[in-house]
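These notes are about the structure you will find just below.
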There are 2 protein chains.
Amino acid sequence: MPAPPGEPDATRGAQPPAGRNLLFLREEELRLAQDLLFFGYRDFTAGADAILADLNMGRAHHRVLHFVGRRPGITVGELLGILGITKQSLGRVLTPLVEDGYVVQRPGRADRRQRLLQLTEKGAALERRLFDRQRETVMRAYREAGPQAVEGFRRVMRGLMGEEARAALDSLGGPPAPAEPR
Amino acid sequence: MPAPPGEPDATRGAQPPAGRNLLFLREEELRLAQDLLFFGYRDFTAGADAILADLNMGRAHHRVLHFVGRRPGITVGELLGILGITKQSLGRVLTPLVEDGYVVQRPGRADRRQRLLQLTEKGAALERRLFDRQRETVMRAYREAGPQAVEGFRRVMRGLMGEEARAALDSLGGPPAPAEPR
DNA sequence: ACGGAAACGTCAATGATGCTGACCCATACA
DNA sequence: TGTATGGGTCAGCATCATTGACGTTTCCGT
């Protein structure tokens, strides 16, 4: 039941169009955006949350697995910067992940104070499981919406971010890892 | 610095294109979606969170203000359904909001067991303040991305939702309130 | 008119996620 | 040698959400 292309059904109870380029900024549309983000994000995370609950973990654990998997060899400090949380908050999640064998730390080569983080096989397997669950959700949404909508989605989401988040995002997709051979 | 139109920059480190319509479902693109949702949602809520913190409130309070404002006269049960939380969780947020004069409850006319919720002036003022903060964020994103991207954003976000959320969403934009005159 | 069920409220306990403040250790570097 | 940095940890606190168990009021079908 893919939505009909073209016409946004989001312009409900509106005055007659008065510019089509300003129109889309009206209040109801912005409230709709709030609704969309709330429901969309909640359901996006719901599948993974269920898996995590069985393992006595939460969303925070998933985020660590996700970003460590995305950037193997990431330092604790970089991870803190990406997540935007405190050392203590990260510690309470990261320490158990290491103890339970999902993540390994090895000292940095250039700077031995650093702890470079990596997923173990076990960690990678769990991350993959969580990813696959979300993949279904996202793929369905992407397929229903079509490639052009996906591109629009990306642009809007990026626009919602502050400078820091944009930089972090770019750093994730870009360089796979800054040297540091094993 | 609006992103260059057309080319998704999300197709990094890719094999040569093999369909362009299947291509956009590849793993890296799905991981990018995870990143976008995490950063985007976080920064979207950040502004309102800051205001709320000063008032010793949290996101949950905002959600109540938002949905009560969006649907004046909503019952507690409907609100529970929309938020997807338990009665107890709602109570801990709603009771203080009523005590502090942000929300009023009046018994239902047709069914006096119900408590119909409404914002007071004070509540509407706070909701407006929170809304305005998020409005800036969303407007910037919408403007940078353009109307077509906005439409795509809407379609994808909607696609992320489950059946229930879609129904709830539709009920929000649609009928302003089911009768029940004061 | 009676009894079950629905709508709402509330008490108690628990868990996950985050915060601040205060330390500590090991390493890097001037 | 002395300070700064990367990382870890302890204690205490707040928010948000959970489950389970009751209690009250009101509705409605038999």
Side-chain angles (χ1 to χ4, degrees), chain A residues 38 41-42 45-46 48-66 68 73-100 103-117 178 180, chain B residues 38 41-42 45-46 48-68 73-100 103-117 180:
Chain A
F38 170 64
Y41 189 74
R42 193 189 57 181
T45 57
D49 286 348
I51 295 175
L52 291 160
D54 286 340
L55 300 170
N56 289 309
M57 295 197 232
R59 229 173 261 183
H61 300 81
H62 186 188
R63 290 200 277 260
V64 169
L65 293 173
H66 171 77
V68 170
I74 190 175
T75 68
V76 170
E78 286 168 341
L79 189 52
L80 286 175
I82 287 176
L83 294 174
I85 61 177
T86 61
K87 201 173 25 167
Q88 296 86 330
S89 296
L90 175 59
R92 210 189 13 212
V93 170
L94 181 57
T95 303
L97 283 174
V98 171
E99 285 171 352
D100 295 348
V103 174
V104 283
Q105 303 172 304
R106 54 170 223 272
R109 188 163 284 261
D111 185 338
R112 278 184 325 203
R113 287 172 308 179
Q114 298 177 332
R115 299 297 145 89
L116 309 188
L117 304 174
E180 188 73 32
Chain B
F38 170 64
Y41 189 74
R42 192 188 57 183
T45 57
D49 287 349
I51 295 176
L52 291 160
D54 286 342
L55 300 170
N56 289 310
M57 296 198 232
R59 226 172 265 182
H61 300 82
H62 186 189
R63 290 200 277 260
V64 170
L65 293 173
H66 171 78
F67 287 114
V68 171
I74 189 174
T75 67
V76 172
E78 287 168 340
L79 189 53
L80 285 175
I82 287 175
L83 294 174
I85 62 177
T86 62
K87 203 173 21 168
Q88 296 85 334
S89 296
L90 176 60
R92 210 194 15 210
V93 178
L94 181 57
T95 303
L97 282 174
V98 171
E99 284 171 352
D100 295 349
V103 173
V104 283
Q105 303 173 302
R106 54 169 223 271
R109 187 162 284 260
D111 185 338
R112 279 186 322 207
R113 288 173 305 180
Q114 297 177 333
R115 298 299 144 90
L116 307 188
L117 305 173
E180 189 74 32

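We find the CZ-CG distance between B:Arg42 and B:Asp49 to be 11.5 Å, quoted to the nearest 0.5 Å.
At whole-Å resolution of the value, CG in A:Asp111 and P in C:dC29 are 6 Å apart. Rounded to whole Å, the distance from CG on A:Leu94 to P on D:dG6 is 17 Å. For A:Phe38 and D:dC16, the CZ to P distance is 13 Å, given to the nearest whole Å. We find that CZ of A:Arg109 is positioned 19 Å from C1' of D:dG6, with the value rounded to whole Å. Here the C1' atom of nucleotide C:dG9 and the CG atom of B:Leu117 are 13 Å apart, to the nearest Å.
For B:Phe67, the ring pair (Phe, Tyr, Trp, His ring centres under 6.0 Å) criterion is met by A:Phe38, A:Phe39, not counting sequence neighbours.
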How does each nucleotide of nucleotides 16-26 of chain C score, in 5' to 3' order, for protein heavy atoms under 4.0 Å: base (B), sugar-phosphate only (S), or none (-)? SBBBBBB---B
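Dashed line: the shortest gap from a side-chain N or O of A:Gln105 to OP1 or OP2 of D:dG8 is under 4.0 Å.
Using a 4.5 Å heavy-atom cutoff, the side chains of A:Leu116 and A:Thr75 are in contact.
Residue B:Gly91 is classed as having no contact, given no heavy-atom separation below 4.0 Å to the nucleic acid.
Of the residues listed (A:Val64, A:Leu52, A:Val93), the one engaging A:Met57 in a side-chain contact (heavy atoms from CB on, under 4.5 Å) is A:Leu52, and it is the only one.
Out of D:dG7, C:dA7, C:dT10, the shortest distance to the side chain of B:Thr95 is found at C:dT10.
For the pair A:Thr95 (side chain) and A:Arg92 (backbone), a donor-acceptor distance under 3.5 Å is absent. Between the side chain of A:Arg59 and the backbone N or O of A:Ala48 there is no donor-acceptor pair closer than 3.5 Å.
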